[in-house]
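Take a look at the structure below.
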Amino acid sequence: MTQKIKFTKMHGAGNDYIYVNTMIYPISNPEELAIRWSAPHTGIGSDGLVLIGSSDSADFSMHIYNADGSEALMCGNASRCIGKYVYEKGLTQKKVVTLETLSGIKELQLTVKRRKVTEVTVDMGMPSVGEIALELEAGGKHYTGTVISMGNPHLVLFVEDLTQTDISRIGPLLEHHPLFPGRTNVEFAQVINDREIRMRVWERGSGITQACGTGACATAVAAIVNGKSGRLVKVTMDGGPLSIRWDQESNHVYMTGEAVKVFEGTIET
């Protein structure tokens, strides 16, 4: 039996997802729908499907399913979009919203002007720094990366020139490297100066995307621990910039950026 579901397509720095309020439209097969709806030519087109739900421990909950149907632990860009969604849909009047994710409860600080959310800062929590200079081989070549967890796994590689980096070839090799049995997100970062980094991402389960919030945070942390930037840095991705601050006192990483509604629609399951 088919069911009509209302959805909203939103993006943060070009990282676009399909958002469904499961408190109104419960979904029993998100893995299948994420694959079908994310398809660019035969579906809505997106990096994945995000389910907004209730929570016993926070204001709302978030579940993310990548374009290949796999479930993601966390997405900073999706979190910002949820902040905009729940406020502008009248689901909350709070300007500080808590969000339950698979990597813990995140706090969203909303900047509101004329009843519209223009910007969201997400407390991404404390990063976990793994090997700073991990040596690994893939496709017959050797790479050095920094392992960072932002509640989900990241491998950050610093390169001299992003335009000369074949992300579509290297990305999947490193995502599926034997050192990462659960697979990993891969960031390719070019340091512009100690306040700005240009980054491109190969997302676990989605491939090349316009942006990745946790990836931007991981890149900033990797740059700081490698002595390449200060604790406040702009990370510019294909979809736009995010401001990342790693607070020395609390050890928390704060990510600030816009969230944009693209369109709304109705689709059948």
Side-chain angles (χ1 to χ4, degrees), residues 12-13 15 17 31 34 47-50 62-80 99-106 122-139 141-159 165 167-189 197 199-226 228 233 235 237-238 242 244 246 251-255:
N15 193 193
Y17 287 95
E31 299 89 350
D47 293 326
L49 171 64
V50 176
M62 171 176 74
H63 287 273
I64 311 159
Y65 294 87
N66 295 314
D68 68 352
S70 61
E71 188 168 9
L73 296 175
M74 175 58 187
C75 176
N77 290 319
S79 300
R80 294 203 318 281
L99 184 64
E100 180 187 357
T101 76
L102 291 183
S103 64
I105 295 176
K106 308 300 179 184
V122 184
D123 180 350
M124 300 292 288
M126 293 184 287
S128 175
V129 179
E131 286 197 53
I132 295 176
L134 176 67
E135 302 285 343
L136 64 168
E137 185 271 334
K141 293 190 176 182
H142 293 272
Y143 301 92
T144 301
T146 299
V147 178
I148 303 290
S149 173
M150 292 300 310
N152 58 353
H154 294 269
L155 177 68
V156 181
L157 282 72
F158 292 99
V159 300
T165 304
I167 294 172
S168 61
R169 183 184 67 84
I170 304 169
L173 295 176
L174 296 178
E175 176 193 356
H176 295 274
H177 195 279
L179 288 176
F180 309 106
R183 298 185 295 161
T184 187
N185 300 283
V186 187
E187 284 75 37
F188 301 85
I197 297 171
M199 184 269 276
R200 297 193 69 200
V201 60
W202 178 274
E203 280 200 62
R204 177 178 63 167
S206 293
I208 294 175
T209 59
Q210 291 289 296
C212 175
T214 55
C217 294
T219 297
V221 170
I224 293 164
V225 298
N226 281 284
K228 297 179 181 293
V233 62
V235 178
M237 297 163 287
D238 290 355
L242 291 173
I244 310 296
W246 188 11
N251 199 33
H252 282 221
V253 175
Y254 295 88
M255 176 190 66

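Just so it is clear, the model here is predicted, and its values are computed rather than measured.
- Here the straight-line distance linking atom OG1 of Thr146 with atom CD of Glu187 works out to 11.0 Å at 0.5 Å rounding.
- The shortest distance between side-chain heavy atoms of Leu179 and Leu155 does not fall below 4.5 Å.
- The SG atom of Cys212 lies 10.0 Å from the CE atom of Met74; values are rounded to the nearest 0.5 Å.
- Heavy atoms only, all atoms of each residue included: Ala222 and Phe158 are closest at C-CZ, 3.8 Å.
- Annotation: side chain of Val186 is not in contact with side chain of Tyr143 (no heavy-atom distance under 4.5 Å).
- Put simply, the side chain of Leu173 does not reach to within 4.5 Å of the side chain of Trp202, judged on heavy atoms.
- Judged purely by atom type and a 3.5 angstrom limit, Thr214 has no side-chain atom pairing as donor or acceptor with the backbone of Met150.
- Nearest heavy-atom pair, Gly12 versus Asn77, reported as atom, atom and distance to 0.1 Å: O-CG, 3.4 Å.
- Note that NZ of Lys106 is 8.5 Å distant from CE of Met62, once rounded to the nearest 0.5 Å.
- In this structure, Ile197 and Ala223 approach most closely via the heavy-atom pair CD1-CB, 3.5 Å.
- The backbone N or O of Pro153 sits less than 3.5 Å from a side-chain atom of Asn185, completing a donor-acceptor pair.
- The line from CG of Leu99 to CD1 of Ile105 is 9.0 Å long, rounded to the nearest 0.5 Å.
- With a 4.5 Å cut-off on side-chain heavy atoms, Trp246 and Asn251 count as touching.
- His63 places no side-chain N or O within 3.5 Å of a backbone atom of Leu102 that could act as its donor or acceptor partner.
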Pair Leu174, Leu157 - check side-chain contact (heavy atoms from CB on, under 4.5 Å), show working. CA-CA 11 Å; Leu174 296 178; Leu157 282 72; 3.9 Å; yes
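- The shortest heavy-atom contact between Ala211 and Ala13 is CB-O, 3.0 Å.
- Among all heavy-atom pairs drawn from Leu73 and Gly151, the shortest one is CD1-O, 3.0 Å.
- Of the inter-residue distances, the one linking Leu134 atom CG with His177 atom NE2 reads 8.0 Å to the nearest 0.5 angstrom.
- Checked by atom type and distance alone, the side chain of Asn66 pairs as donor or acceptor with a backbone atom of Arg204 at under 3.5 Å.
- Val221 is listed as a side-chain neighbour of Val253, based on a closest heavy-atom distance under 4.5 Å.
- Using a 4.5 Å heavy-atom threshold, the side chains of Ser79 and Met255 count as separate.
- Of the possible donor and acceptor atoms, one in the side chain of Glu175 sits under 3.5 Å from a partner among the backbone N and O of Gly205.
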Please report the C-alpha distance between Ser168 and Ile208 in whole Å, then the side-chain angles of each, then the deciding distance to 0.1 Å, and finally whether the side-chain contact (heavy atoms from CB on, under 4.5 Å) criterion is met. CA-CA 7 Å; Ser168 61; Ile208 294 175; 4.1 Å; yes
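- Residues Ala216 and Met199 share a closest heavy-atom pair of N-CE, 3.6 Å.
- Interatomic distance, Asp238 CG to Asn15 CG, rounded to the nearest 0.5 Å: 11.0 Å.
- Looking at heavy atoms from C-beta onward, Leu242 lies in side-chain contact with Met237 at the 4.5 angstrom threshold.
- Side-chain contact check for Glu203 and Thr209: at least one donor-acceptor pair (N or O, by modelled atom type) lies under 3.5 Å.
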